[in-house]
Structures are given as C-alpha cells and as structure tokens.
Amino acid sequence: MHTPFFSIIIPAYNAAKDIATALASVCGQQFQDFEVVVMDGVSTDNTAAIVQSLAKNDNRIRLIIQKDKGIYDAMNKGISQSKGKWIYFLGSDDVLHNDDVLKTVADFLQKEQADLWYGDVLIMPGGRKYGGIFSSETLLYRNISHQAIFYKRDFFDKVGVYNLAYRKHADWDFNIRCFESVSITTQHRGVVVAEFREGQTSAGHDRPFLLQVLIPRKMEDIRLRPQQLRKVSEYDYCWRLFRNSAFGREGNGQTQVK
C-alpha cells in the first residue's frame, strides 16, 4: 500500500461555506503525493455532502464523520487516521498560500533533517505576515501558527498529542513541549505556507493554560535570567499574565498575551 508523503488533516464543523475552497487549495497543488483527511465533527449543515461529492472525483480525499470535543480532539483523531510520512493541519476556512507550497516544502523536507519543519503564514484579511524563527524562550510570548507547521510521522510518539485540558491553547502548549524536548530537531524557512482568517473565534483567555503552562515557565525563565526584569516591558508582560489568569474572561484567546 502506498504511503503518501503528506497527510493534510482538516478539522471541520459546519464548514459548508469554506470547505470546498480549502480542499481546492490542496488538490490544486503541483505536488500531488498526499492524502486529505477531513474530520467532520457531525456537522448539521451540508459540509459532509460537499466533501463526499469532491471525494467521488478524488480518491485522496477521505471523510471521517465522528463526534469530537473540539478542534484539538479532531486533530488528535486525525493523527490516528492518517497514513502520510508528514502530517499537516489546515483549518476548514484556511487555504494553502499558492499551488507550489507543498512542492517547496517537500523539497526542503527531503534535504533537511528535522522532526518539525515550519514556515510563516499570512493573517487574513489584510495579508499581514506572521512567523519567523521561534525558540522555547520566544514561545513564552507568542505562539507558532499550526497552519505553518509540518510534523514527521513518528513525531507524536515522542511528544504526545494535544492536551484537551487546554481548550483554547492546546496548540501553544504542544509547541512549547516540542521546543523544550532535546530529542526534537526543528527547522524554519521563510516560506509562506498558508493564509488563515483572524477574528473567527471569541475573545478571552485559556486560564488553565496560563496557570499551568505559561506562568510557571515564565517564572522559571525569570529565575534563570533575573536581569530581564530591568525592562519595564517585562514587568508589564508578567502583570498581564497574572491579570489574565486571575480575571480574564475565558475564551479562545489570541496568539499573543494581551
């Protein structure tokens, strides 16, 4: 049985408005060695019908209808359903940046040794570029967009999967674990991978994530590098962390602590 180079996992729920566009951005790629796994969380609109119709003409598209506990649960389920050498997550209302993205990324992956490879994204509307090089230190301040990241197949055996205790920032927690692991090799290239929409989720903060993950790591960072507190910006950042964890309204949050 052929093992595809990429598994593109698309979590979807009531995504009839956008799912065809997302799939078109994948299926129209110059590089064709991939499978698409659409994880539909039992949509009540015609998302499933649209995907099934497209799958009739492209056997690389697979639809799995299964109730889930949210996007990160759907992503975890998609990992177990996928077969590719490299795994990538695309939102149902996102698109790959252009038709040679997968070819460009595949060329890099075949030449470089990495467990996790990431590029950049454009935030829509407006097309603002977001990304750059990350480290365990910079991840204390902002997250990598999961639409920019490709994971090697056995990667999840080393790091685990998304922690569903963090309903809004399980991807941020996951990325922190990845960059803290000494057994993981990461690689960044300044390639725009995808375009995703900003402002599609409610505002607020993932308080369990702040209390259990971000604040403890930031406090340890301060213990190791106390000189950073000479900066007013650091005092302000730490204040916002504690304020948001204590008083912030829970919601989906942002990629940066505000």
Side-chain angles (χ1 to χ4, degrees), residues 1-11 20-39 54-55 57-62 75 78-79 81-124 127-136 138-139 142-159 171 174-175 177-179 181-197 255:
M1 181 180 294
H2 174 67
T3 300
F5 193 82
F6 291 115
S7 286
I8 313 294
I9 299 171
I10 304 180
T21 303
L23 287 169
S25 79
V26 177
C27 296
Q29 290 289 304
Q30 295 178 23
F31 185 88
Q32 292 283 299
D33 189 9
F34 60 80
E35 65 169 354
V36 185
V37 182
V38 179
M39 300 297 302
L54 294 170
N57 298 315
D58 194 331
N59 59 15
R60 294 170 303 180
I61 301 173
R62 287 193 288 135
M75 290 162 74
I79 294 167
Q81 294 286 347
S82 65
K83 304 171 184 176
K85 297 175 184 177
W86 287 85
I87 293 175
Y88 174 76
F89 300 100
L90 185 71
S92 60
D93 58 352
D94 304 328
V95 295
L96 294 178
H97 178 53
N98 55 42
D99 63 6
D100 63 356
V101 164
L102 293 187
K103 182 180 184 303
T104 300
V105 174
D107 287 344
F108 280 126
L109 296 179
Q110 289 168 339
K111 296 173 184 176
E112 300 172 345
Q113 297 297 317
D115 301 294
L116 180 158
W117 185 100
Y118 63 107
D120 303 324
V121 295
L122 297 183
I123 301 176
M124 308 304 287
R128 176 169 62 89
K129 189 174 181 179
Y130 179 86
I133 298 175
F134 283 79
S135 66
S136 56
T138 56
L139 278 167
R142 63 190 187 107
N143 191 18
I144 310 174
S145 169
H146 71 255
Q147 295 94 333
I149 307 174
F150 293 79
Y151 306 93
K152 189 175 283 186
R153 167 102 237 141
D154 63 356
F155 182 88
F156 300 94
D157 295 330
K158 299 177 183 179
V159 182
D171 60 336
F174 184 75
N175 289 335
R177 283 188 279 134
C178 292
F179 277 73
S181 174
V182 296
S183 64
I184 297 301
T185 302
T186 66
Q187 178 69 59
H188 171 264
R189 295 291 180 184
V191 175
V192 175
V193 175
E195 301 170 13
F196 79 96
R197 298 182 187 179
T255 52

> Under 3.5 Å, side chain of R153 to main-chain N/O of G84, donor-acceptor pair present?
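Yes, R153 side chain to G84 backbone: donor-acceptor pair under 3.5 Å.
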> Under the rule for side chain to side chain contact (heavy atoms under 4.5 Å, CB included), what residues qualify as partners of D154, not counting sequence neighbours?
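Side chain to side chain contact (heavy atoms under 4.5 Å, CB included) list for D154, sorted by chain: K152, D157, K158.
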> Looking at every heavy atom in both I87 and I79, which two are closest together, and how far apart are they?
CD1-CG2, 4.2 Å
> In Å, rounded to the nearest 0.5 Å, how long is the span from CG of L23 to CG of D58?
9.0 Å
> Suppose we screen for side chain to side chain donor-acceptor pair (under 3.5 Å). Which residues come up paired with E35, at least two apart in sequence or across chains?
S7, R62
> Which heavy atom in A148 sits nearest to a heavy atom in V193, and how many Å separate them?
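So the minimum-distance heavy-atom pair works out to O-CG2, 4.1 Å.
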> Give me the atom names and distance for the closest heavy-atom approach of I10 to V36.
CD1-CG1, 3.9 Å
> Only one of D115, I144, V159 passes side chain to side chain contact (heavy atoms under 4.5 Å, CB included) with C178; say which it is.
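Looking at D115, I144, V159, the match for C178 under the side chain to side chain contact (heavy atoms under 4.5 Å, CB included) is V159.
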> Can you tell me how far CD1 of I184 sits from CZ of R177, rounded to the nearest 0.5 angstrom?
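So the gap between those two atoms works out to 11.0 Å.
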> Considering non-hydrogen atoms only, spot the tightest contact between T3 and K83 and give its length.
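T3 and K83 have their closest heavy atoms at CG2-O, 3.2 Å.
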> At their closest point, which heavy atom of S92 faces which heavy atom of P11, and how far apart are they?
CB-O, 3.6 Å
> Got a second to check how far D94's CG is from L122's CG, nearest 0.5 Å?
11.5 Å
> Could you measure the distance from the CG atom of D171 to the NE2 atom of H146? Nearest 0.5 Å is fine.
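Between atom CG of D171 and atom NE2 of H146 there are 6.5 Å.
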> Is a side-chain N or O of D120 found less than 3.5 angstrom from the main chain of G132, in a donor-acceptor match?
yes
> Examine distances only and state if a side-chain atom of S145 and a backbone atom of Q147 form a donor-acceptor pair shorter than 3.5 Å.
yes
> Knowing that exactly one of F34, W86, F155, F6 qualifies, which makes a ring pair (Phe, Tyr, Trp, His ring centres under 6.0 Å) with F150?
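The option that passes is F6.
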> Do T104 side-chain atoms and D100 backbone N/O form a donor-acceptor pair below 3.5 Å?
yes
> With side-chain contact (heavy atoms from CB on, under 4.5 Å) as the criterion, how do H97 and V191 come out once you've worked through the C-alpha distance, each side chain's angles and the decisive distance to 0.1 Å?
CA-CA 10 Å; H97 178 53; V191 175; over 6 Å; no
> Under a 3.5 Å distance rule, please check whether Q187 uses its side chain to pair with a backbone N or O of A114 as donor and acceptor.
no
> Any side-chain to backbone donor/acceptor pair from E195 onto G127? Under 3.5 Å, distance only.
no
> Name all residues meeting the ring pair (Phe, Tyr, Trp, His ring centres under 6.0 Å) criterion together with F89; count only those two or more places apart in sequence or in a different chain, and write none if there are none.
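Ring pair (Phe, Tyr, Trp, His ring centres under 6.0 Å) list for F89, sorted by chain: Y162.
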> Just how far is it from atom CG of L109 to atom NZ of K85, taken to the nearest 0.5 Å?
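Taking CG in L109 and NZ in K85, the distance rounds to 11.0 Å.
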> First locate atom CZ of F196, then atom CG of D93, and finally report the distance between them rounded to the nearest 0.5 Å.
10.0 Å
> With F156, which residues qualify under ring pair (Phe, Tyr, Trp, His ring centres under 6.0 Å), at least two apart?
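Expected list: Y151, F174.
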> If we ignore hydrogens and angles and just use 3.5 Å, is the side chain of R142 paired with the main-chain N or O of G131 as donor and acceptor?
yes
> Residues two or more places apart in sequence or in another chain: which of them pass side chain to side chain contact (heavy atoms under 4.5 Å, CB included) with Q113?
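Side chain to side chain contact (heavy atoms under 4.5 Å, CB included) list for Q113, sorted by chain: empty.
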> Mind checking ring pair (Phe, Tyr, Trp, His ring centres under 6.0 Å) for H188 and listing every partner two or more places apart, or none if nothing turns up?
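For H188 the ring pair (Phe, Tyr, Trp, His ring centres under 6.0 Å) partners, ignoring immediate neighbours, are Y118.
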> Begin from the C-alpha positions of T186 and F134 and carry the test side-chain contact (heavy atoms from CB on, under 4.5 Å) through to its verdict.
CA-CA 9 Å; T186 66; F134 283 79; over 6 Å; no
> Contact between Y88 and L96 at the side-chain level, heavy atoms closer than 4.5 Å - yes or no?
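Y88 reaches L96 side chain to side chain.
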